[in-house]
Amino acid sequence: MDTQSFIEQKIKEIKEKVGDKIAVNALSGGIDSSAVAVLGHKALGEKCRNIFLNTGMMRLNEPETIQQRFKEIGIDVEVIDVSDRFFEALKGQEDGEEKRKIFRDTFYKVLGEAVKESGAQCLLQGTIKPDVEETQAGVKTQHNILSQIGINPEEQYGFTTVEPLIDLVKYEVRELAKALGVPETRFNTMPFLGPGLTGRVIGEVTREKVEIVRKANNIVEEEIMPLKPFQCLAVLFKDKATMKGDENAQGRNYGDIIAVRCIESKDARTAEVTEISYEILKRIVKRITTEVPGVIKVVYDITPKPPSTIEYI
Ligand code: XMP
């Protein structure tokens, strides 16, 4: 890919498609929507607004950090707290695919309202090629695919969409982001789920469970990021494990189980497990079981993709 001419071509395309209208980019903080934020800013300047919907499913301090990083490169980001809507919609839902669908529907409903309120007629989106492929293959329902899942945003939500990254795979987006001057911290981020921590809680998603997995995930990232893996993450199991409790207690005491996953990959289609030292693994176990209330057991998942996927649900 010739990055410079790709950038010029996309700026031209965005200008043509958006025209005199106002566009909105829903920034998630991931590399895809971050690249779109800079492309949109280059093409449209202040006519491209960036909103960050805080779904409540983000990683620790993510909304604040993103706002700050983009401010540093002259791009304003408005953070809107919509977390109540997501927890309410996800109440009682156990199935992974169902939760993705609910997240997606809630996301677009809330986003549609936010776009309408902002007066914009066009939504810029960071959909990339694997999102389309995996959805078409029926592997997963990615939250950010509209047309493929039969949603006409213009009819349903009143705005058109522009997807400048639709032909790119992940490593190409990284090259592009670098060339665009996306903040270094964004550029260094690993892939993160569109549905966020919804996908890192097995079973029902509650504020309490998300809080647990958010803290565990942060510890995993703090300890493993220096190794620069393709992706690392924490998952909260639905089942509980027995803990050594009060000798006099009647019956058993149970605590939460966290799985740690860390993989190496080029494009997330296949993945090998990172060979992390026992020293680091033991530190992770120690920190999670002492710093995250309620977690009693931590496991390191050493399954490659295939046969497994990277995420759990
Ligand atoms: P899997 O679990 O299918 O994941 O091996 C492959 C890559 O895609 C990410 N992923 C998602 N990203 N929305 C996203 O934006 C999703 O629903 C989703 N599911 C998986 C995953 O983190 C990995 O990098």
Side-chain angles (χ1 to χ4, degrees), residues 25-36 52-53 55 57-59 62 66 86 89-90 93 95-108 111 124-146 148-149 151 161 163 165-166 168-174 177 186-202 205 213-214 217 220-221 224-225 228-236 259-274 301-313:
N25 172 43
L27 200 61
S28 73
I31 194 84
D32 309 338
S33 64
S34 294
V36 170
F52 181 94
L53 296 180
T55 60
M57 309 297 166
M58 307 308 296
R59 284 171 288 189
E62 202 150 16
I66 286 160
F86 284 84
L90 288 161
Q93 298 298 332
D95 180 69
E97 202 53 6
E98 199 51 41
K99 288 191 295 182
R100 277 169 195 268
K101 285 203 184 88
I102 290 170
F103 185 96
R104 183 196 67 214
D105 292 350
T106 308
F107 188 85
Y108 277 103
L111 180 64
L124 301 186
Q125 276 197 292
T127 317
I128 68 169
K129 200 177 188 172
D131 296 337
V132 182
E133 286 173 352
E134 296 204 348
T135 302
Q136 282 167 346
V139 179
K140 274 177 188 169
T141 310
Q142 299 282 358
H143 83 282
N144 49 359
I145 303 295
L146 286 171
Q148 282 83 1
I149 55 172
I151 293 177
T161 58
E163 297 176 315
L165 312 182
I166 198 106
L168 305 188
V169 293
K170 207 81 194 182
Y171 74 90
E172 291 174 317
V173 180
R174 283 176 187 272
R186 293 298 99 207
F187 172 71
N188 285 332
T189 57
M190 54 197 153
F192 186 54
L193 294 165
L197 298 175
T198 309
R200 303 277 169 82
V201 172
I202 301 178
V205 176
V213 85
R214 183 170 12 242
N217 195 71
V220 169
E221 288 192 9
I224 301 183
M225 282 312 276
K228 296 189 166 55
F230 179 84
Q231 193 170 4
C232 64
L233 53 107
V235 173
L236 175 63
V260 176
R261 190 131 171 79
C262 184
I263 54 101
E264 305 302 329
S265 177
K266 202 169 163 63
D267 56 13
R269 291 182 208 191
T270 61
E272 290 299 324
V273 173
T274 312
D301 178 346
I302 57 165
T303 328
K305 174 181 180 175
S308 186
T309 54
I310 295 170
E311 304 287 344
Y312 271 60
I313 47 176

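For clarity, every value in this text was computed on a predicted model and none was experimentally measured. Start at 1 and go down the list; that is how both ligands and their atoms are numbered.
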Please evaluate residues T198 and L193 with respect to the criterion side chain to side chain contact (heavy atoms under 4.5 Å, CB included), reporting the C-alpha separation (whole Å), side-chain torsions for both, the decisive distance (0.1 Å), and the verdict.
CA-CA 9 Å; T198 309; L193 294 165; over 6 Å; no
Can you list the steps and then say if L233 with N217 is a side chain to side chain contact (heavy atoms under 4.5 Å, CB included)?
CA-CA 6 Å; L233 53 107; N217 195 71; 3.9 Å; yes
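Per-residue contacts place P195 under 4.0 angstrom from the following atoms of ligand 1 (heavy atoms of the residue considered): 13 (N), 16 (C), 17 (O). Proximity to P191 (heavy-atom distance under 4.0 Å) selects the following atoms of ligand 1: 24 (O). With ligand atoms numbered from 1 in the order given, ligand 1 contributes 1 (P), 3 (O), 5 (O), 6 (C) to contacts under 4.0 Å with heavy atoms of K305. Within the listing of ligand 1, atoms 1 (P), 2 (O), 5 (O) sit less than 4.0 angstrom from a heavy atom of T309. Of all atoms in ligand 1, numbered sequentially from 1 with element shown, those under 4.0 Å from a heavy atom of R100 are 16 (C), 17 (O), 18 (C), 19 (N).
Salt bridge status for E172 with K129: absent, with no side-chain N to carboxylate O gap under 4.0 Å.
Considering CZ of R174 and CG of L168, their distance stands at 13.0 Å, rounded to 0.5 Å.
Using a 3.5 Å distance cut-off with no hydrogens or angles, the side chains of Q125 and T161 do not pair a donor with an acceptor.
The residue among I310, L193, D32 with a heavy atom at the shortest distance from atom 10 (N) of ligand 1 is L193.
The number of heavy-atom neighbours closer than 6.0 Å to CD of E272, taken from other residues, nucleotides and ligands shown, is 12 or below.
At under 3.5 Å, a nitrogen or oxygen of Q231, whether backbone or side chain, sits near a nitrogen or oxygen of ligand 1. Between E311 and ligand 1, a contact under 3.5 Å exists for at least one N or O pair.
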